[in-house]
Protein chains: 2
Amino acid sequence: MTLGQKIKQLRESKGMLQRKLASILEIGDGFLSKVESDQKPLKREHLKTISETFDYSYNELEALWIATKVYDLVKDEDEGLNALKVAEEQVKYHKNQK
Amino acid sequence: MTLGQKIKQLRESKGMLQRKLASILEIGDGFLSKVESDQKPLKREHLKTISETFDYSYNELEALWIATKVYDLVKDEDEGLNALKVAEEQVKYHKNQK
DNA sequence: TTGAACTTGACTTAATTTGGTCAAATTTAA
DNA sequence: TTAAATTTGACCAAATTAAGTCAAGTTCAA
């Protein structure tokens, strides 16, 4: 599940139109459409509004938001999956140092 | 192990000075110093030269190079580790679709 | 079959990142 | 202890990405 898919899911589960959610976020509906298909990144601040609008976990949205950026970085890479594993090691290693 | 650490390790294992490697890569030694401490990203093309200079796996260098960028993205994030797991799912899912 | 909802493509401006340089400060080894 | 090696900080131009808009095209339900 990507961030775009999650936003669309949340929106549709409330029967809300793109136009409506777009106006809540103060963006155009064309842009929201692209966000929902992960063609454009969303400002981080918008996550808060989405979390509140649909009463959905902010942390989960945040994880999806970061994951989208990570995925964009590795998606066309042969070594993408290996790189993820290396990065995971680095994160875990650094956590122990704190 | 990060890309910078790996480069430094390879360089020192041959007893090569930064000045020397920097000149091979046609960059300044100040810049190389920052690359070795992961403060600056290296051009991807340089990986080829490094691989040849030290006779070290290009793919492994590439994985480290991507991993560094991924790590930069998640290192200060509370949800970083979760995001990595989500991204990994997405990569694996997409691989099956191809 | 037509109107509302949605998607797409082309474009834009502003902000950020890349990929460096150079001199000064610091560290290391002989 | 001093000279060579390395690190750091301040700076920079060029390239890329972010974060949109808008109009035209497409899809879908009634």
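Every chain is numbered from 1 and lettered A, B, ... according to where its sequence line falls, protein lines coming before strand lines.
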Donor-acceptor check, side chain of [X] to backbone of [Y], threshold 3.5 angstrom: yes or no?
X	Y	value
B:Asp29	B:Gln18	no
A:Trp65	A:Leu3	no
B:Ser57	B:Glu60	yes
A:Thr53	A:Thr49	yes

For [X] and [N], what is the distance between atoms [atom1] and [atom2] respectively, to the nearest whole Å?
X	N	atom1	atom2	result
A:Leu21	C:dC6	CG	P	10 Å
A:Leu42	D:dA18	CG	P	12 Å
A:Ile66	D:dA18	CD1	P	14 Å
A:Glu45	D:dA18	CD	C1'	12 Å
B:Glu12	C:dT28	CD	P	12 Å
B:Lys69	C:dT17	NZ	P	11 Å
A:Ile7	C:dC6	CD1	C1'	16 Å
A:Phe31	C:dC6	CZ	P	17 Å

Looking only at side-chain N and O atoms, does B:Gln5 offer a donor or acceptor that is under 3.5 Å from a partner on B:Glu36?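 No, no side-chain donor-acceptor contact under 3.5 Å.
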Atom CZ in B:Arg11, atom NZ in B:Lys14: separation rounded to 0.5 Å?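 That separation rounds to 13.5 Å.
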Counting only side-chain heavy atoms from C-beta out, which of D:dT6, C:dT18, D:dA5 sits nearest to B:Pro41?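 Output: C:dT18.
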Candidates C:dT7, D:dT8, D:dT6 - which lies nearest the side chain of B:Ser37: D:dT8
Below the 4.0 Å mark, does [N] have OP1 or OP2 next to a side-chain nitrogen or oxygen of [X]?
X	N	answer
A:His46	D:dG20	yes
B:Arg11	D:dT6	yes
A:Gln39	C:dG9	no
A:Arg19	C:dC6	no
B:Lys40	C:dT21	no

On a plain distance test, is the side chain of B:Lys43 in donor-acceptor contact with the base of C:dG19 below 3.5 Å?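 Answer is no: no donor-acceptor pair is held.
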Tell me if the side-chain of B:Lys34 makes a donor-acceptor pair with the base of D:dG9, cut-off 3.5 Å, by modelled atom types. yes
Look at all strands and tell whether [X] reaches a base, only sugar-phosphate, or nothing, counting heavy atoms closer than 4.0 Å.
X	value
B:Leu32	nothing
A:Lys20	nothing
B:Gly30	base
A:Arg44	nothing

